J.: 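Structure incoming, see below.
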Amino acid sequence: MLAAFSVLMLGALLSPAATASASPTAPEAPEPARIDLVLDLSGSMNENDAGGQTRLAAAKQAVTRIIDTAPEHAPLGLRVYGATYPGQDKKQGCADTQQVLPVAAMDQAARAEAKKRVAGFTAVGFTPIGVSLREAAKDLGTSGKRRIILVSDGEDTCAPPPPCEVARELKAQGIDLAVDVVGFRTPSSARAELKCIADVTDGSYADADDADSLTANLGTLFRKEWRTYHATGKPVEGSRGGCQDAPLVSPGQYLDKFTGGRDLYYKVKKRPDQRLQVSATAVAEEGYSRGSIITVAAGPAGTSGDGKPYAWLREFSQSMGWANVISTGGRSETGSGNESPAPDDTGCIVVENQITKSGDKPMPVELLVGIADKSTQQAGARTPQTRTGADAEGGFSFNSATPIGPGTHRQSIAVGEAPFWRVDLKAGQKLTVKAGVDLPDDFPNSVVTGWGVTIYNAMRESTQCNEDHRVTELLAGRTGHIERVCGPWDITEKGGASSSASKGYDVPGTYYIQAQIAEPNDKAKGIVVPISLTVDVSGTPRSGSGSGSGSGNSPVFFFGDNAAQGPSQSGANGNGEQGGTGGTTAAAKDDDSPLGKLALPFGIGAGVLLLGGIAFYALRRRGAA
């Protein structure tokens, strides 16, 4: 308790009255999509061929899981067809579609009512898919992002209207509406019709044979909509005009935005005996193009030829393919004459923007700032409890990354998902990551499709996977099991700019893992595939604490009380090294939310940074420019 108190006091000392200015214009997380789940309750759902139970029982199990795990803020509705009319009159049977639950947030009362209604479902009637799609579109209203998720075990028995023509009709209205389809024990004669619905609305299609696969595939589709990257932090508005009028930031995580092609500037207090860490993550709604670059740098203002602060640290990352996150970070050297002092110990941070252009939509940027000195060495912090099995589902940001340990984790994921996992490493340990994917024979890949794995170090800086300098294993039309091995990385406890030979991957702390199908063919997006992730942590942790590089001791960085890091309040690795954070914010709570515990049959997901190459590190700049 005393150590923790001393760290908080240090944060107060490092944060005088002038701190980061709040900005009401900082970008907010996008509103979650409004989703209407349309469930087939036709008579064929009574068949007993879904893993030892009826299709109806399996569907009830899967839908109940979705209701249990839906975030309270996520608008969810439920429509069924074939549920009430058991007769043979086609006109009456083909009008048998009802909105069971309106599209609304799943608060406690709504959740209880929904589960009660699902428990009472019976399957008796016709299969009016086209009519139900039209009604589901009405359920969702006319504004915002909307999605229909259709579960069906067969063909429409009521056409006209043909379901695919209804899908085209909805798409032609020009509204932001897509239809995802899960074919449940679907015969080949019906699969083409269901796939057509997904294709013409830019949705996705997946097959399911039993309760587990139906739960997994539905969970993946809902998770994809509810848990895109959620940029978080204390709102701040950096200067666009240079260091002079920049706000002062203390240790913590902040949320700003890129506008046009403008860089962002902040002031920071740092004595020569202290070390500074700065990490920046830019988050796009769509993927970046190749060549997009984000750079962080810090130092006394105006010491470089172009007037930018580069003397303390400078790091950058470049996107080499389709990605929606670019992240980089760096740490300054220990003082004692190794750096240029700043007047009044006030330096400047710049986040350089070579991503957006004039007229582009504002883009969220996370800024993480940390300080290390002798005072922080006494700050102990717990290692978060690792998760296994169904609980090892990845989070969707650095802050909500799921903690995992050594072992193999398996899960079904949708192409295009981008979750994060974290592994906390101590000096003396070695990390190796092996990730595999199983692609079906009819997987629609293209010449640029690949299986990508990205590792981020404790500064949230990405690296190449291994010595072949590629982030992605190009598929080149291959299917079946494809595997990628990354590492090993030795954690040597140096942790300074002198570790540039290892690209910063000898630093103790929190490491992050991502894996994904890179640059998929549009027809592949949303297809559900099984993956495996094997994490190997070898070696014996070394103990010790100290103040900096070259001393054989690892620095401990204080990141303030507004820098969430998943389920661990401080994100430390047990050796005192913090991979980024203190305090619990909404991002941390998100990782323990009901959806964060969505129980899919297996555990570990997919990532974002893609198609790397030797050019990535040829461009990497370290130290002062």
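This structure is a prediction, so every number in the text was calculated from the model and none was measured. Computed over heavy atoms, backbone and side chain alike; hydrogens, waters and symmetry mates excluded.
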J.: Within this structure, what is the CD1-OG1 distance for the pair I517 and T449, rounded to the nearest 0.5 Å?
T.: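 OG1 of T449 is found 8.0 Å from CD1 of I517.
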J.: Between atom CZ of R484 and atom OG1 of T454, what is the distance when rounded to the nearest 0.5 Å?
T.: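 Result: 9.5 Å between the selected atoms.
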J.: Is there side-chain contact between Q514 and S462, with at least one heavy-atom pair below 4.5 Å?
T.: no
J.: Heavy atoms, side chains only, cut-off 4.5 Å: are D40 and V151 in contact?
T.: no
J.: Just by distance, with hydrogens left out, do R79 and T97 show a side-chain donor and acceptor under 3.5 Å apart?
T.: yes
J.: Charged N to carboxylate O under 4.0 angstrom, D36 versus R34?
T.: no
J.: Testing the 3.5 Å rule here: is there a donor-acceptor pair between the side chains of D96 and T84?
T.: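 Indeed, the side chains of D96 and T84 share at least one donor-acceptor pair under 3.5 Å.
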J.: First locate atom CE of M45, then atom OG1 of T122, and finally report the distance between them rounded to the nearest 0.5 Å.
T.: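 If we round to the nearest 0.5 Å, M45:CE and T122:OG1 are 11.5 Å apart.
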J.: Sub-3.5 Å donor-acceptor pair from the side chain of R111 to the main-chain atoms of I67, do we have one?
T.: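 Flag set: sc R111 to bb I67 pair under 3.5 Å.
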J.: Looking at side-chain heavy atoms only, is the closest gap between V131 and P161 below 4.5 Å?
T.: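 Yes, their side chains come closer than 4.5 Å.
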J.: Between the side chains of D207 and R191, is the shortest nitrogen-to-carboxylate-oxygen separation below 4.0 Å, so that they form an ion pair?
T.: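 Salt bridge flag = yes for D207 with R191.
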J.: P162 versus C164: any side-chain heavy-atom pair under 4.5 Å?
T.: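 Heavy-atom side-chain distance check fails, nothing below 4.5 Å.
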J.: Counting N and O atoms only, with roles assigned by atom type, does the side chain of T186 sit under 3.5 Å from a partner on the main chain of F184, one being a donor and the other an acceptor?
T.: yes
J.: Going by distance alone, is a donor N or O of one side chain under 3.5 Å from an acceptor N or O of the other, for T510 and D424?
T.: yes
J.: Shortest non-hydrogen contact from K60 to F121?
T.: NZ-O, 3.1 Å
J.: Do the ring planes of Y456 and F398 sit parallel (below 30°), tilted (30 to 60°) or perpendicular (above 60°)?
T.: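 Rings of Y456 and F398: perpendicular, over 60°.
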J.: Find out whether Y81 and L150 are in side-chain contact, i.e. whether some heavy atom of one side chain is under 4.5 Å from a heavy atom of the other.
T.: yes
J.: What verdict does the side-chain contact (heavy atoms from CB on, under 4.5 Å) test give for V453 and I455, after you've listed the backbone C-alpha separation in whole Å, the side-chain angles of each residue and the deciding distance to 0.1 Å?
T.: CA-CA 7 Å; V453 183; I455 312 297; 4.3 Å; yes
J.: Enter the distance from L140:CG to K145:NZ here, rounded to the nearest 0.5 Å.
T.: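 Taking CG in L140 and NZ in K145, the distance rounds to 13.0 Å.
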J.: Closer than 3.5 angstrom, by distance alone: can the side chain of T127 be matched with the main-chain N or O of T157 as a donor-acceptor pair?
T.: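 No; zero donor-acceptor contacts below 3.5 Å.
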J.: To the nearest 0.5 Å, what is the distance between CE on M363 and CD1 on I326?
T.: 7.5 Å
J.: Report yes or no: do S397 and N399 form a side-chain donor-acceptor pair below 3.5 Å?
T.: no
J.: Mind checking whether D212 and Q61 have side chains closer than 4.5 Å, heavy atoms only?
T.: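 Answer yes - side chains close enough.
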J.: Check whether any side-chain N or O of Q99 sits under 3.5 Å from a backbone N or O of A136 as a donor-acceptor pair, and report yes or no.
T.: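 Here the side-chain-to-backbone pair does not exist.
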J.: With side chains defined as the heavy atoms from C-beta onward, is the minimum distance between I66 and L76 less than 4.5 Å?
T.: yes
J.: Decide whether H481 and E483 meet the rule of one side-chain donor and one side-chain acceptor closer than 3.5 Å.
T.: yes
J.: If you define the side chain from C-beta out and look only at heavy atoms, does anything of E47 sit under 4.5 Å from T54?
T.: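 Side chain of E47 against side chain of T54, heavy atoms only: no contact under 4.5 Å found.
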J.: Hey, are S327 and R460 close enough side-chain-wise for a donor-acceptor pair under 3.5 Å?
T.: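 Note: R460 and S327 side chains miss the donor-acceptor criterion.
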J.: Rounded to the nearest 0.5 Å, how far apart are NE2 of H409 and OG1 of T402?
T.: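 The NE2 atom of H409 sits 10.5 Å away from the OG1 atom of T402.
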